[in-house]
Number of protein chains: 2
Amino acid sequence: MQKQEHLTKNQQIVLDFIEKSSEPLKAYSILFSVKKQGIKAPLQVYRALDRLVEIGKIHKIESRNAFVACKNSNCQVSKATAFSICESCEDVTEVSNLKLSKYLSNFADKSGMKYNKYNLEFFGLCKKCKK
Amino acid sequence: MQKQEHLTKNQQIVLDFIEKSSEPLKAYSILFSVKKQGIKAPLQVYRALDRLVEIGKIHKIESRNAFVACKNSNCQVSKATAFSICESCEDVTEVSNLKLSKYLSNFADKSGMKYNKYNLEFFGLCKKCKK
DNA sequence: AATTATTTGTTATATTATAACATTATGTAA
DNA sequence: TTACATAATGTTATAATATAACAAATAATT
């Protein structure tokens, strides 16, 4: 039996909800919100999240334990992610900068390690909060 | 009263323990290990960790919820951190590459956001695990 | 010594995430 | 088309990570 390619019902419910949100969502807040749609337990949410991250539909903001939809429509896998996070309003934006991603994807140092993935989080104050 | 400049007893105990370790440590594993030194509750550990991160003595590996000592002896604050993480053996190394840190510290995009901090985590296979 | 802010200790609890296992669904091949 | 294997799901329980709230002790400043 092959691994699914389409999204299962739970995955679709969770993805829809995250895509509608303008801010990163926490697993338990997702759980609370999708209960009316039949998802009852944390594990159902976490399993959906895991899979969605795996296929690049969503990303995890590690410093916040929260999830956002991938804005990069052609993103198939989450192997090169960068975000900017406002420390005041907690607004999170996916940084899409070709130069940056090229630079990081090709980064190599003397450690001899082969990097195949990275996650970068910038922190600061957004335009609004700077004022 | 001024904010402390030296380390308090708990902070020193926690720092000593992290510095002796060759791998990232989790808060509760630290707690377990320093109980004999009088630290009894999670909060005592978390408070020490918070402060140590604040002053740059240790860093948090966000994707692992674990802490490592800063290898960069002159690091005063944790505002520009980069790590390489082996996904097989979980070995974590602080990346110190002047070009990289300059590039990221000066990074700006059209979002108008002022970045004052970043954290970067590279994932891959270390030399040993590649074989 | 009195005042004040800071740090500490302690208990309880909130939040985030996974283990274990039974069940159901789905693809593969006889 | 039924057997078989594998994957996905549901469910309960629990593990792991982190913070709230408040009382007590400590240390700097006046």
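Order of the sequence lines fixes the chain letters, A, B, ..., with proteins taken first and strands second; residue numbering starts at 1 for each chain.
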Please give, in whole Å, the distance from [N] [atom2] to [X] [atom1]?
X	N	atom1	atom2	value
B:Asn10	C:dT10	CG	P	10 Å
B:Glu62	D:dA18	CD	P	9 Å
B:Glu54	C:dT6	CD	P	12 Å
B:Gln11	C:dT6	CD	P	14 Å
A:Arg64	C:dA17	CZ	P	14 Å
B:Leu25	D:dT17	CG	C1'	15 Å
A:Leu7	D:dT9	CG	P	10 Å
A:Leu52	D:dA8	CG	P	13 Å

**Item:** salt bridge (charged side-chain N to carboxylate O under 4.0 Å, His left out) involving A:Glu90 - partner list, sequence neighbours excluded
**Value:**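 A:Glu90: salt bridge (charged side-chain N to carboxylate O under 4.0 Å, His left out) contacts with A:Arg64.
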
**Message:** For A:Lys102, give me all partners under salt bridge (charged side-chain N to carboxylate O under 4.0 Å, His left out), at least two apart in sequence or on another chain.
**Reply:**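 By the salt bridge (charged side-chain N to carboxylate O under 4.0 Å, His left out) rule, A:Lys102 matches no residue at all.
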
**Message:** If the cut-off is 4.0 Å, is A:Asn65 near the phosphate of D:dA18, judged by side-chain N/O to OP1 or OP2?
**Reply:**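 No, A:Asn65 has no side-chain N/O under 4.0 Å of OP1/OP2 on D:dA18.
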
**Asked** Is there a side-chain polar atom (N or O) of A:Lys26 under 4.0 Å from OP1 or OP2 of C:dT16?
**Response**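 Yes.
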
**Request:** Between B:Lys9 and A:Lys60, name the one whose nearest nucleotide on DNA chain C is closer to the 5' end.
**Result:**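 Per heavy-atom nearest nucleotide, the more 5' residue is B:Lys9.
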
**Message:** Looking only at the side chains, is there a donor atom on one of A:Asn119 and A:Glu121 sitting less than 3.5 Å from an acceptor on the other?
**Reply:**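 A donor-acceptor contact under 3.5 Å links the two side chains.
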
**Request:** Examine the side chains of B:Ser63 and A:Glu62 and answer whether a donor and an acceptor come within less than 3.5 Å of each other.
**Result:**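 Checked: B:Ser63/A:Glu62 side chains show no N/O donor-acceptor pair below 3.5 Å.
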
**Asked** Under 30°, 30 to 60°, or over 60°: which ring-plane class applies to A:Phe122 and B:Tyr118, parallel, tilted or perpendicular?
**Response**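 Answer is perpendicular, since the angle exceeds 60°.
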
**Request:** Report yes if some heavy atom in the side chain of A:Asp50 is under 4.5 Å from a heavy atom in the side chain of A:Leu52; otherwise report no.
**Result:**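 No, their side chains stay 4.5 Å or more apart.
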
**Message:** Short of 4.0 Å, heavy atom to strand atom, which residues of residues 27-48 of chain B count as contacting DNA chain D?
**Reply:**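 DNA chain D contact set from residues 27-48 of chain B: B:Tyr28, B:Leu43, B:Tyr46.
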
**Message:** Is it the case that the ring center of B:His59 lies less than 6.0 angstrom away from the ring center of B:Phe67?
**Reply:**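 Ring centres of B:His59 and B:Phe67 not closer than 6.0 Å.
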
